[in-house]
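Below: one structure, written as structure tokens.
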Amino acid sequence: MKKYNFRTIESFWQKEWRTEQIHEPNFSRPQKPFRQALQPRAQGRVARGRPFYNLMMFPYPSAEGLHVGNMYAFTGSDIYGRFKRMQGYDVFEPIGLDGFGIHSENYALKTNQHPMKLAEKSEKNFYRQLRMLGNSFAWNETLETYDPEYYKWTQWILTEMFKRGLMYRKKAAVNWCPSCKTVLADEQVLQKSQVSSPKSQKNSKPQIPNSEQDKENIPYSKFHIPNSKVGACERCETPVVKKELEQWFLKITDYAERLLSDLEKIDWSEKVKIAQRNWIGKSEGAEIDFEIRTKEKPNFVLLHGYTGSPKHNFFPWLKKELEKRGYKVQSPTLPHSDASRANENDDMDAFRKQVELNRNTVLLGHSLGTIVAMKALEKLDYPIRKLALVGGFLEPRFRDHARSFTKTFNWRFNFEKIRTNAGKITILHDPNDRAIPYDQGVKLHDALGGELIEPIPKKSHFCGKEEPEILKYALDRLTVFTTRPDTIFGATYMVLAPEHPLVKNLESGILNLERVKDYIRKTKNKSEEERIADGREKTGVELKGIKAINPANGEEIPVWVADYVLNSVGTGAIMAVPAHDERDFEFAKKYKLPIIEVVEPLFVKTDDIDGVRPGLPLKERSAIVAVVKHWSEDKYLCLKWKKTDWRGFIIGGIEEDEDMAEAAAREIREETGYASARFIRNLGGIVHARFYHAVKNENRWARFHGLYFELADGTREKISDEEKQIHDVVWVDRKEVDHFLDWVTDMRLIWHRVSSPDDFPGRNDIHESSRVNKQGVLACSGEFNGMNSGEAKWKITNFVGGKRGNRYRLRDWLISRQRYWGPPIPLIFCENCANKIKEAPRQARGKFTKGEFENPGWIPVPEKDLPVKLPYVKGFRPRGKGQSPLASVKSFYEVNCPRCGSRARGETDVSDTFLDSSWYYFGYLAKENSKFEILNSKFRGRAKQWLPVDMYIGGAEHSVLHLLYTRFITKVFHDWKLINFNEPFKRFRAHGLLIKDGAKMSKSKGNVVNPDFYIKEFGADALRMYLMFLGPFEQGGDFQDRGILGITRFLERVWNLCQKSEIQNPKSKTNSNDKNQNDKNIERALHKTVKKVTEDIENLHYNTAISALMILLNEMEKNSSRLSLLALRSFLKLLAPFAPHITEELWSRFFDPQKLKTPDSQSESGHNSSKKYRSVHKESWPIYDPALTEEDTFKLVVQVNGRVRDTITARKGISQKEAEALARTSENVMRHLDKKAAKKIILVKDRLINFVLQ
RNA sequence: GCCCGGGUGGCGGAAUGGUUUACGCAGAGGACUUAAAAUCCUCGGCCCCUAACAGGGCUUGUGGGUUCGACUCCCACCCCGGGCACCA
């Protein structure tokens, strides 16, 4: 008998598979994408050739070689692919290398090699190792992200993004490691709870020779703050600092909503979907305006329009409204009520005569008045406070009377002067304006900047008698975003982020400007670390002289600047509701700002008989919650309801002629019997409850007031039986009350007023921070009192003139890297073009792309000039100063502008490596003769047939980054009509983490498993199977050295079994008629296993699939003499995805029906018939007969009172009577039955019988 | 703090509300062998009782609940791993 020699077998087949190309899908054969769903358990054979794209996350090839973690992932993916192939799909399973990026570059730095040379080396090594795994990769379609032919398209994506306005440049704070002198990607910043000691930091710094003096070195002590979280460099643990740099961004935020909602459509691991949802972080809320008043008040100048006067339209009303608020208003009459006299000079004269401007002036022009306003500003030599243009224009192109003005006005404006003198600029334009086309508003906005608002006026062109929108925008206002508009009545102050523009706009009105400026300066200089290191103690400064008006109740509230509000979140300003927001609460406590509670907890029972009955009126009742203290111990009187799981204090309604304390004392007596309760104080808290009162047949809305009592002594009366039935009376220790109280009745609020009374000195200062986001009932909220907070949200938003809106946590994707090893960003900066674009008249704008217009001077490299090749640079080491090493390569950045030909400068930053991997699944299909092409029809054809990816397997660490970016790019491609789908991966599964002896593998721990070693020692098949056997694939596993022996034994037993002579030469051909019991058992075991393995692979439960194969092998070995060839063939097929080499060897040697010329060799029609062998991997997957997976006997479990007393083999399908009789034959069972009659007998069919005695 | 996972023998792990511990590793005993390795067979939770057989009790992080019966469902809590974090 030949010994199992995996070394020769594995290398032979790996070579053979490659030369025969058996894992190449047939791209050229015209196929329709498969339509009908393929049942995995379908009967009969499946025609080959339906495409199945089985993708695994491609590795980044560090030269250290393939990590066993890679192998773990790839094997899991490959098993699935092989399984699908045997099920009849044409499987495409490509592999490539994600070789660009910081990981590879760091390794090059560490080992002092050049990344380009290193890439060559690791590519060879990696592919060699990958070939040894025995995966069914399509080796013709490999790709490497650093291949210029590949990154040509990475760059093309950027140029297209740029042209379409999806890419822009702005200043941003990036992570900077002062030790490595380089920018770090966010994912390279570790959130360390504590940075190790300064000494060890220095010692563990990487040995990058310093080419320059490190002037930016920051003293470590400054950052060594124990017990606080600090972002630290992945490599050297140096705390990361933020540095402001000009960076390129991709507008992923434009796709936030789609990225979120399309998650519903895809079959992905739920945890990955959740991670993405959290990352996108949608919050629904409202934008609400707060009017701002300054001590030094603005004065208003209102300029009416053509054929108007200060008595027309909204002017009288607006004047009155403004004066009502104490503002001075000037409203001059302009002499152009007659068209023939309308004339610029006349108007300006009239204006000068009647109006006085100063720095606090708000200049508001309507229609033609806007021209006068702008002209007036042109001539001013100081700035005013604000310019508001309502229904304005800057070209004489409006619908009527255009000709009247073409000549009497000078239509050239000095926009720059206007801009400098205007202060804040607001342009209001009715999108459906019947007098002035909307584009005039847009043009004004283009020319002047500021904000462009599109309100709906009462009458077109703002000709209504009252135009509240104008009033709103004429006044200073602060827009906040809030998710809790229902709490607005509790807003007691406002907070601006230090960077908020309003601070600057209001400067003149701030009385303590120096202090404010000082504070802003300080926070700006603070690094992120310091802000965190402050222990998060909130700081802030009040803007003295500035007040905001709470639109809900008209009250004046203070305005603060504080750095706990971030400019990048929401609108950069908040309304602070300290009673219902922990951060605001903390701040309010520190600065002694008022805290008003406006949401009170509500308990609504809806799911049982106590629930509110719809249709009946809701009657309001006062009720009490009594907290009663023990007479000598620190214990409190509680009730435990018997019929429900409520646990709480004594509650009860207040009868007529009773006050709260009397009612409470009575309830205490009735419910607990204690008679000596003494009323101490009113706790003030209120809990609401809504329920159905069965006796009175009405819905009740009870408002429970918390009252505090102490017992004088233990005097106790008898409790009625009725009360006893309802609840138990318990004394609960002070410390345990919190735990004891249940969440449904929600009495914690009241309890906290007892346990920590200092937090609640009075009715207006009460607060319970854990309640912040809870539903409740509104109080102190005027007409909204009693309303549910959820319901009140949008009603209040409406009431205060707010606007519903969504915000997302997702930020735009920063793709600039000041590094060497990545694709250069293909853009060129041209001074000449910059000027041309800035000066370009509007009509000429069409010549430029959106990106060029929005980023003046930046020109994309034309497609024909792509790729912008990364030059070989000796000094590739990252430099300081926030520049890529390419910035020192003249020949690289000195270029001519592709637009105008003048001298220009190429961008020297490279792009993020996640961009490389965001489209690689296209890349595999786009490769043709070592080039990639995604714009031709050939690719489109393939894409249509093979995309989107059917199954994608990879690590959960990419849940957010890679997977989100790829989805983004796919959606972008879809919008560009390159593809007809908008989700890249139909199905995604995250595999678990492979650990070693209970700990994460890491070089420092020295417990990294080297797959090369194990493959050499035990073979790829054994290692594959062992890895899959460790635990559930989606959960990961623990690699233990000895465990692999079990698999090795298993494979050897398979080998030996197949070689047994009695199997190779069966003595008597058994036909179906004379099957004995053993044959049946084997057959049944086989069918069971087919079912189990098929289902397990589909669900990625490889560990249990393997265990099922082991069980089958045990069974077959016991019956080896009667084993049929068919059974062994099926077994090998089941094993083939897990152990591809040994099964192929055995198959080709003994079982290939072609060779053996057995009757069942006519499997698939004419496939590969000329080949010298038929691979087991192209055989069809075994099918099973459900009927044959069932046993005809079972072990009847006999229980007495739920305890197992015996198991008896029984025929399937026996009746209760039969089972009972059988059970009674057992001595042990009878002993436990003890002559008693069973009260109840429970039979679980074909499984169990339970005698219940008592 | 919030959001995800997870907690079962000596170990990795298995288990549609129905015998907890499948399969494998490690271990013990036996066969083969001069011997060892390999291989094959047998036995494996803990505690009590027993010379042994038989038998009994306990046991899936903790405490409650639902149920004839809970690893599984419900409530509360503890611990471990991962992610996010002043997101308004």
Side-chain angles (χ1 to χ4, degrees), chain A residues 191 229 270-275 277-279 281-283 285 480-484 495 497 531-532 536 538 562-566 568-577 581-584 586-587 645 647 739-744 769-770 773 807-811 956-957 959-960 992-993 995 997-998 1000 1026 1029-1032 1034-1047 1049-1050 1052-1053 1056 1101 1103-1111 1114 1117 1195-1207 1227-1228 1231 1238-1244 1247-1254:
Chain A
Q191 284 300 311
K229 295 229 169 176
E270 201 49 40
K271 60 177 179 178
V272 174
K273 286 193 187 183
I274 290 167
R277 265 181 217 121
N278 291 344
W279 190 265
K282 180 176 182 172
S283 43
V480 301
F481 177 75
T482 176
T483 54
R484 297 295 309 272
V495 186
R531 282 203 204 181
I532 297 165
R536 297 191 177 189
K538 292 180 175 44
D563 65 359
Y564 83 93
V565 171
L566 309 175
S568 54
V569 177
T571 59
I574 59 160
M575 62 175 206
V577 185
D581 183 284
E582 278 174 68
R583 297 153 300 179
D584 298 342
E586 202 187 305
F587 192 80
D645 45 8
R647 295 189 302 271
H739 290 301
F740 178 83
L741 297 175
D742 66 76
W743 280 105
V744 225
S769 63
S770 69
N773 290 312
R807 297 271 158 172
Y808 302 87
R809 203 193 75 109
L810 185 70
R811 291 286 111 88
E957 70 272 17
S959 296
V960 172
L993 204 68
I995 57 172
D997 303 326
K1000 234 183 191 169
Y1026 179 55
F1029 188 57
L1030 290 175
E1034 289 179 85
Q1035 267 173 50
D1038 192 345
F1039 193 100
Q1040 296 176 332
D1041 282 318
R1042 304 213 55 163
I1044 197 169
L1045 290 174
I1047 298 292
R1049 281 177 205 147
F1050 169 79
E1052 268 164 11
R1053 279 162 57 204
N1056 293 338
H1101 296 162
N1103 56 334
T1104 48
I1106 292 172
S1107 112
L1109 289 169
M1110 287 171 166
I1111 294 168
N1114 289 345
E1117 276 178 337
K1195 274 185 181 165
L1196 177 71
V1197 175
V1198 187
Q1199 293 183 337
V1200 179
N1201 272 342
R1203 288 174 188 278
V1204 180
R1205 296 305 176 187
D1206 208 349
T1207 56
E1227 213 177 286
N1228 200 29
R1231 203 151 50 79
K1239 187 176 153 203
K1240 199 168 165 191
I1241 297 169
I1242 287 154
L1243 180 83
V1244 181
R1247 205 176 277 262
L1248 167 144
I1249 184 162
N1250 186 10
F1251 295 86
V1252 184
L1253 293 184
Q1254 336 130 355

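None of these values were measured; they are calculated from a predicted model. Letters go in sequence order (proteins before strands), and every chain restarts at 1.
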Would you classify A:Leu1030 as touching base, sugar-phosphate or nothing, given that sugar-phosphate means primed atoms plus P, OP1 and OP2, and contacts are heavy atoms under 4.0 Å? sugar-phosphate
Gap separating the OG1 atom of A:Thr482 from the CZ atom of A:Arg807, nearest 0.5 angstrom: 11.5 Å
Taking atom types as modelled, find out whether A:Arg809 and A:Asn278 have a side-chain donor-acceptor pair closer than 3.5 angstrom. no
Answer yes or no: does a side-chain N or O of A:Arg809 lie under 4.0 Å from OP1 or OP2 of B:A85? yes
A:Asn1114 CG - B:U42 P separation (whole Å): 10 Å
Indicate, with a heavy-atom threshold strictly under 4.0 Å, whether A:Arg1247 touches base, sugar-phosphate, or nothing. base
Which nucleotide, B:C84, B:C68, B:A22, lies nearest any side-chain atom of A:Lys1240? B:C68
Looking only at B:U19, B:G12, B:C3, the nucleotide nearest the A:Gln1040 side chain is B:G12
Side-chain donor or acceptor of A:Asp581 paired with backbone N/O of A:Val577 under 3.5 Å: no
Just call it for A:Val1204: base, sugar-phosphate, or nothing, with non-hydrogen atoms closer than 4.0 Å on any strand. sugar-phosphate
Which nucleotide in the list B:G56, B:C4, B:A88 gets nearest to the side chain of A:Ile574? B:A88
Atom CG of A:Asp1206 to atom P of B:G55: distance rounded to whole Å? 8 Å
So, does A:Arg1049 get its side chain near the phosphate of B:U39, meaning an N or O under 4.0 Å from OP1 or OP2? yes
Mind checking the C1' distance from B:U66 to B:C58? Whole angstroms is fine. 23 Å
Under 3.5 Å, is there an N or O donor on one side and an acceptor on the other linking the side chain of A:Lys538 and the base of B:C86? yes
A:Arg583 side chain: which of B:G55, B:A26, B:C86 is closest? B:C86
Sugar-phosphate, base or nothing in reach of A:Arg1231, heavy atoms under 4.0 Å: sugar-phosphate
Please give the distance between the P atoms of B:U72 and B:G64 as a whole number of Å. 14 Å
Between P on B:C86 and CZ on A:Phe481, what's the gap in Å once rounded to a whole number? 17 Å
Between B:A85, B:G57, B:U19, which nucleotide has the shortest distance from any of its atoms to the side chain of A:Arg1205? B:G57
May I ask you to decide if the ring planes of A:Phe587 and A:Tyr564 are parallel, tilted or perpendicular, using 30° and 60° as cut-offs? tilted
Among B:C3, B:C23, B:C87, the one nearest any side-chain atom of A:Phe1029 is B:C23
Roughly how far apart, to the nearest Å, are B:G5 and B:A88 at atom P? 22 Å
Atom-pair distance (CD on A:Gln1035; C1' on B:A14), nearest Å: 12 Å
Side chain of A:Met1110 only, heavy atoms from C-beta on: which candidate in B:U39, B:G24, B:U19 is closest? B:G24
Could you tell me how far apart A:Glu582 (CD) and B:C87 (P) are, to the nearest whole angstrom? 10 Å
Among B:U19, B:C23, B:A15, which nucleotide has an atom closest to any side-chain atom of A:Ser1107? B:C23
Least distance between heavy atoms, A:Leu1030 atom then A:Gly1037 atom: CB-CA, 4.1 Å
Just checking A:Asn1250: base, sugar-phosphate only, or nothing, at a heavy-atom cut-off of under 4.0 Å? base
Does B:U60 have a Watson-Crick or wobble mate here (both distances under 3.5 Å), and if so which one? none
State the pairing partner of B:C53; accept Watson-Crick or G-U wobble contacts with both distances under 3.5 Å, and report none otherwise. none
Which one is paired to B:C2, where only Watson-Crick or G-U wobble pairs with both distances under 3.5 angstrom count? B:G83
Does the Lys NZ or Arg CZ of A:Lys282 fall within the cation-pi geometry relative to A:Tyr808 - under 6.0 Å from the ring centre and within 45° of the axis? no
Among B:A14, B:C87, B:C25, the one nearest A:Arg1042 by side-chain distance: B:C25
Test your reading of the model: is there a side-chain donor-acceptor pair from A:Asn1228 to the backbone of A:Arg1205, 3.5 Å cut-off? yes
Rounded to the nearest angstrom, tell me the gap between atom CD in A:Glu1117 and atom P in B:C23. 14 Å
If I take atom CD in residue A:Glu957 and atom C1' in nucleotide B:C4, what distance separates them, rounded to the nearest angstrom? 16 Å
Report the distance from atom CH2 of A:Trp279 to atom P of B:G82, rounded to the nearest whole Å. 18 Å
B:G7: syn or anti, with syn meaning chi within 90° of zero? anti
When the C1' atoms of B:U60 and B:C4 are compared, how many Å lie between them, rounded to an integer? 23 Å
Shortest non-hydrogen contact from A:Asp1038 toward A:Tyr1026: O-OH, 4.3 Å
Say you pick atom P in B:A22 and the same atom in B:U42; how far apart are they, in whole Å? 15 Å
Determine the Euclidean distance between corresponding P atoms of B:C68 and B:G13; express it in Å to zero decimal places. 36 Å
Checking all strands, does A:Asn1228 fall into the base, sugar-phosphate, or nothing category for heavy-atom contacts under 4.0 angstrom? sugar-phosphate
How far, in whole Å, is B:C32 from B:C23 if one measures between their C1' atoms? 27 Å
Indicate, with a heavy-atom threshold strictly under 4.0 Å, whether A:Leu1248 touches base, sugar-phosphate, or nothing. base
Syn or anti for B:G44? Use the chi torsion, O4'-C1'-N9-C4 for purines and O4'-C1'-N1-C2 for pyrimidines, with syn inside 90° of 0. syn
From the set B:U39, B:C58, B:G13, return the single nucleotide nearest to any side-chain atom of A:Asn1103. B:G13
Watson-Crick or G-U wobble mate for B:U16, both contacts under 3.5 Å: none
Any strand is fair game: report the nucleotide pairing with B:C40 by Watson-Crick or G-U wobble, both distances under 3.5 Å, or none. B:G30
Please determine whether a side-chain nitrogen or oxygen atom of A:Ser283 lies at a distance below 4.0 Å from atom OP1 or OP2 of B:A88. yes
Does this structure show an ion pair linking A:Arg277 with A:Glu270, if we count only N-O contacts that are shorter than 4.0 Å? yes
How far, in whole Å, is B:G9 from B:A15 if one measures between their C1' atoms? 15 Å
